[in-house]
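Atoms considered below: every heavy atom in the structure, side chains included; atoms not considered: hydrogens, waters and symmetry mates. As the structure lists them, so they are numbered: ligands from 1, and atoms in each ligand from 1. As the structure is a computational prediction, the values presented were derived from the model and not from experiment.
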Amino acid sequence: MSKIASLEINGEKYEFPVIEGTENETAINIKTLRGATKGVITIDPGFKNTGSCQSAITYLDGEQGILRYRGYSIEDLAEKASFLETSYLLIFGELPSKKELETFETDIKSKYPTPDGLVKILEGFPKESHPMGILGSLTCALNAFFPECNQTNTENEVYNAITTALGQFPTLVSLALRKTQNLTQLTSDPKLGYVENIAQLLFKKEGEAYEQNQIINDALDKLLILHADHEQNCSASTVRIIGSSHASLFASLTGGINALWGPLHGGANQAVIEMLENIVNDGGDSKKYMEKAKDKQDSFRLMGFGHRVYKNFDPRARIVKKTADEVLNDLGVKDPTLDIAKALEKEALEDPYFVDRKLYPNVDFYSGIIYRAMGIPTDMFTVLFALGRLPGWIAQWKEMRTNKEPIGRPRQIYTGEKHREFVSSTVNS
Ligand code: SDX
């Protein structure tokens, strides 16, 4: 028998159906609320208690610290899958066969060439532009250079837009990096594997052949998998709501990039390293900064700590922390910010302020330390987060369009002026 929830308001009683997910999550379906109650709505700043959709892509259990893509644990995927395999899984729902993966990779590589006109846009950007601003602009510009991708009404049209996005994005990331580093532009190399190509786009030095480094490729592949999706986070929800107006995939992805840029979201990985560098430069006194983070009069926050959903360790943070140790050791890099990060983590896990609020390290706390060890500039960290999150955004957009979800249009409670007659203020003066 299906469950119901009842609500009493203004002396009237109303009943609403309850829906349950495959992991026994429960929601009250209030889609008839406003009509039935002649205008009553709910309000939930930040949507802390409100679901926007039913989704089969990613499952999080914030209390247990569980993350699964299409039912596979993040631990298994990070250890055993490739980023391209994981991208296929997120987007199409199943792990690909060898043949399916080969075809997927071939189709993506066929979309590698970036139009000269799109590269020319870079000339207008000041050198000191933030790479996320460049990435967002170039992603939106894809609409102009691949107009056929604005049509996504058939399976083939959707597949074409998806493989174009996955084919163009690594080059756009490289264009953003090399513009801000004053380096000559590079193109994607279809002879290389997907992540090997990303590595050469990021690390190839001027006038030198690029020698692949397996340590870096393995770490990059793992980091991209760890960032690939995270259910209805701020940027994924932005992609879904833009896509719900039937704006193109590239327009929706542009919104996701801009939402991710914020320091409370994906921009945190850059903010973490800047915070750790400040602490190192200020003498390395982690206790002083713990006190600042707890002081409500101080705007300082312990970046990379806390999470809307995880009230336990972010499972990705565990993997990234372990990978950071391995990569720095393998590359022979000594980084004082890693020691400070570990000291802050140890103190926070024993401090009632953090323990009571269930504030643990999140995916952004250690990831920047690995990117730094690879020689990636700090302002590129969120761009790499976007590169990893691309397949997740695509999967969320595709699911929303496949499910023919209605245009997202929240209601509000008006708190402004009541009606007043217009009297021109210029006439009186
Ligand atoms: C990502 O949603 C996702 O899934 C995102 C993400 C993904 O993969 O897409 O996981 C990626 O964005 C990770 C989060 C990266 N952001 C940061 O690391 C920035 C620092 N953290 C926060 O600003 C904060 O924890 C948020 C934004 C992540 C979550 O904020 P919430 O859920 O709105 O919680 P809150 O701000 O209401 O905090 C609850 C309490 C408050 O104290 P009280 O009012 O109860 O006294 O905890 C405090 C906050 O002041 N608090 C912190 C803190 N985070 C929360 N205090 C000090 N330092 C912090 N980092």
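For ligand 1, the protein residues placed under 4.0 Å by at least one non-hydrogen atom are Lys48, His230, Asn233, Pro263, Leu264, His265, Ala268, Ala293, Lys296, Arg301, Leu302, Met303, Gly304, Phe305, Gly306, His307, Arg308, Arg316, Tyr353, Arg357, Leu359, Asn362, Asp364, Phe385, Arg389.
For residues 319-361, the ring pair (Phe, Tyr, Trp, His ring centres under 6.0 Å) pairs, not counting sequence neighbours, are Phe305-Phe354, Phe313-Tyr360.
Note: His307 and His230 meet the aromatic proximity criterion, with ring centroids under 6.0 Å apart.
One finds no salt bridge joining Lys342 and Glu347 here, because no Lys/Arg side-chain nitrogen approaches an Asp/Glu carboxylate oxygen to under 4.0 Å. Contact check on Glu399 versus Arg240 returns a salt bridge, with a Lys/Arg side-chain nitrogen under 4.0 Å from an Asp/Glu carboxylate oxygen.
Just one residue in the list Leu249, Ile242, Thr139 forms a side chain to side chain contact (heavy atoms under 4.5 Å, CB included) with Thr254, and that residue is Thr139.
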Exercise for review: Start with the C-alpha gap between Lys294 and Glu291, add the side-chain angles, then the distance that decides, and say whether salt bridge (charged side-chain N to carboxylate O under 4.0 Å, His left out) holds.
Suggested key: CA-CA 5 Å; Lys294 297 175 341 186; Glu291 291 315 307; 3.1 Å; yes

